[in-house]
Trainee: 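Here you go, one structure.
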Amino acid sequence: MNVASQPALEGAAPIDRSARETVLRMRQIDKTFRGGVVALHEMNLDIRKGDFISLLGPSGCGKSTALRLIAGLMRPTAGRIEWEGGGGKDDLGVVFQEPTLMPWATVEQNVWLPFRLQGKSLGSCREKIYEALALVGLENFGKSYPRELSGGMKMRVSIARALVTDPRIILMDEPFAALDEITRQKLNDDLLNLKAKTDATVVFVTHSVFESVFLSDRIVVMAARPGRVVKEIEVPEPYPRGIEWRTSPTYATIARETSDTLLGTLSPGAEVH
Amino acid sequence: MAAVDSSPSGAPAPQLSDISHAVDLEEEQIARRKRAEEIGKWALPIIVMAAAIWFWDRIVVWNEIPHFILPRPGLVLETLWADRAMLFESLWVTVKITALALLVAVVGGVGLAVLFAQSKFAEMSFSPFAVILQVTPIVAIAPLIFIYIESKLVGLLLCAWIVAFFPILANTTLGLNSADHNLRDLFRIYRASRWQRLIYLQLPSALPYFLGGLKIAGGLALIGAVVAEYVAGSGGIDSGLAFRILEAGYRLNIPRMFAALILIAGTGVLIYALTSLTSYLLLRKWHESALKREQ
Ligand SMILES: Nc1ncnc2c1ncn2[C@@H]1O[C@H](COP(=O)(O)OP(=O)(O)O)[C@@H](O)[C@H]1O
Ligand SMILES: [Mg+2]
């Protein structure tokens, strides 16, 4: 890391995260778009098994670009992205800002998609599909069409699809940003429950300080122009986390620290437009 | 986020029994208007059509117009019945050409659209031809076609196809390219093959567009079949309705012209109804266009 990770608070529950095995390494990643926009400059990130990492920063700081690089949708200008043990199928699940469901397919068929593209029949995957749907509380909606569901429910289907293959990393790009506050809070709670149950590895993009502290165990604070990592902040609170977590002093302290770091990146010259 | 944390506060909720069920006049009015519209949707066209036919009949009687200039509606119906063997045989010919042309247009239009979607260069190379075929009036092309092509049936088919296939090609191409960008990315992340992307993503995305094109193409195929037969002109055992109209015109058999016209119009309406029904059945589960709006 450019900036050493540091525990945010003395005496917090000790979890030895360094013992986790690394899944993916980003080394000195640069991405420069045509026209000279430096979307990312020298980004380093280790994603370890079971991490819940938030990429936090103002818009335009390269958060989506980082996700697209990890997803293999674009290649870095310089630097290396290495999957531990090489890449393969079932590496990734993705949740976008919109639910991104196929409107012509039922919920069950939508969740089936990653398996279907591997050539597996619906029947052979049904058990896994309904397991994933049960995790997001939609096991009774398998035969529904997306248009019959509310915005929050569609998002849950999208999450079920992302985790149905039990991928090595789940990428989420501001997944709840388009939802109303109440639904969003509910989904955040549910995401934490999911995390506690499945121990999935998640990279979560957000521009909400509170969301990042509430959800993640590592916050990667980023700044724009050029897009870069300014600090990594550890959140040493174990999962499962509940309502008490959001009102605890530790939460408040870390939120404060994160907020200050974020504000520090917004020097007058580099203000978001 | 704090909004959720705060315990529910404020005034206690009113008991259900406290709420009186006053009649909302505006809502009542809206409901009444809706019922009227529901009935009017069916009743009005029938009434107006009947009135128009009655008026047609009256005009002929009041002005004592001779039947070889404008026949009374009753006489048209009589002619339709009297000449039914010949007229329906011709109708069958026209329907056959229209349906076949539409079928080939669907296969050709969708096939070409899929090719265009696979390769931008193919699209750049061939789409000018499609546009030229589309913008040149079929009556201008038809004489040439009948010079080069011996079989009248094949010639007619070709003409009908030329007019019908463009809306299918254009709409399907648009539809194939309209697949959601995030879904495309998702397919790439899941390492879908080109073929899988086409079958599972692009074709379903294109379906509503294709069906829109089909509705237009159905009508155009009929127009193409009729117009081309006017140009071809020659008669024979396999004459379609257009030739019957021409022939009846030469003989000043106006009632038969009307009878043939009614059959052509009826066929057009039927094609439209069938393509609309197909579209509804295929899309009703998921597409906005086929959904009844709530409220
Ligand atoms: N495909 C692209 N071509 C050119 N510039 C891009 C492209 N994608 C992103 N950018 C630019 O790169 C910067 C970072 O974008 P992005 O990663 O989307 O930021 P974020 O997701 O943090 O809001 C922005 O200035 C954006 O305009
Ligand atoms: Mg973004």
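Proteins come first, then strands; the chains are lettered A, B, ... in the order of their sequence lines, and each starts at number 1. The model shown is predicted, which means the values in this text are computed figures rather than measured ones.
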Trainee: Please report the closest heavy-atom contact between B/W286 and A/Y145, naming both atoms and the distance.
Mentor: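 That would be CB-CD2, 4.1 Å.
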Trainee: Does B/L283 reach the side chain of A/W104, with side-chain heavy atoms less than 4.5 Å apart?
Mentor: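 No, every pair of side-chain atoms sits at 4.5 Å or beyond.
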Trainee: Hey, does the side chain of A/R147 reach the backbone of B/K285 with a donor-acceptor pair shorter than 3.5 angstrom?
Mentor: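 Confirmed, A/R147 side chain pairs with B/K285 backbone.
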Trainee: Identify the two heavy atoms, one from A/L92 and one from B/Y190, that lie closest to each other, and give their separation to 0.1 Å.
Mentor: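 Taking every non-hydrogen atom into account, O-CE2, 3.6 Å.
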Trainee: I need the minimum non-hydrogen distance between A/R116 and B/Q196, along with the two atoms involved.
Mentor: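 The pair with the smallest heavy-atom distance is O-NE2, 3.9 Å.
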Trainee: If you count heavy atoms of other groups shown closer than 6.0 angstrom to NZ of B/K96, is the number above 12?
Mentor: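 Yes, NZ of B/K96 has more than 12 neighbouring heavy atoms, counting only those of other groups under 6.0 Å.
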Trainee: Give the intermediate values and the outcome of side chain to side chain contact (heavy atoms under 4.5 Å, CB included) for residues A/V94 and B/D185.
Mentor: CA-CA 10 Å; A/V94 185; B/D185 283 348; over 6 Å; no
Trainee: Pick from B/A179, B/S193, B/P204: which one has the most heavy-atom pairs with chain A under 4.5 Å?
Mentor: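 Going by pairs under 4.5 Å, I would pick B/P204.
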Trainee: Are any of the side-chain heavy atoms of A/L171 and B/I189 separated by less than 4.5 Å?
Mentor: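 The answer is no; the side chains never approach within 4.5 Å.
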Trainee: Does atom CE of B/M124 have more than 12 heavy-atom neighbours from other groups under 6.0 Å away?
Mentor: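 More than 12 within 6.0 Å, yes.
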Trainee: Are the side chains of A/L117 and B/F187 in touch, meaning some heavy atoms are under 4.5 Å apart?
Mentor: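 When only atoms from C-beta onward are counted, B/F187 and A/L117 do touch, with a gap below 4.5 Å.
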Trainee: Could you look at B/L201 and say if it's the side chain, the backbone, both or neither that has a heavy atom under 4.5 Å from chain A?
Mentor: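 For B/L201, backbone and side chain are both near chain A.
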Trainee: Which bit of B/S205 is near chain A, if near means a heavy-atom gap under 4.5 Å: side chain, backbone, both or neither?
Mentor: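 Backbone plus side chain of B/S205, per the 4.5 Å heavy-atom cut-off to chain A.
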Trainee: For residues B/L183 and A/L101, report the shortest heavy-atom separation together with the two atoms involved.
Mentor: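 Shortest heavy-atom separation between B/L183 and A/L101 comes out as CD1-O, 3.9 Å.
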Trainee: On a heavy-atom basis, which atom in A/D91 and which in B/R191 lie closest, and how many Å separate them?
Mentor: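 Smallest heavy-atom distance, with atoms named: OD2-NH2, 3.9 Å.
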Trainee: Which bit of B/N182 is near chain A, if near means a heavy-atom gap under 4.5 Å: side chain, backbone, both or neither?
Mentor: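 Both parts, backbone and side chain.
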Trainee: Quick check for you: among A/P114, A/A71, A/A105, which has the greatest number of heavy-atom pairs under 4.5 Å with chain B?
Mentor: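 Most pairs with chain B among the choices: A/P114.
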Trainee: What I'd like to find out is whether the side chain of B/D180 reaches to under 4.5 Å of the side chain of A/M102, using heavy atoms alone.
Mentor: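 A side-chain contact under 4.5 Å is absent here.
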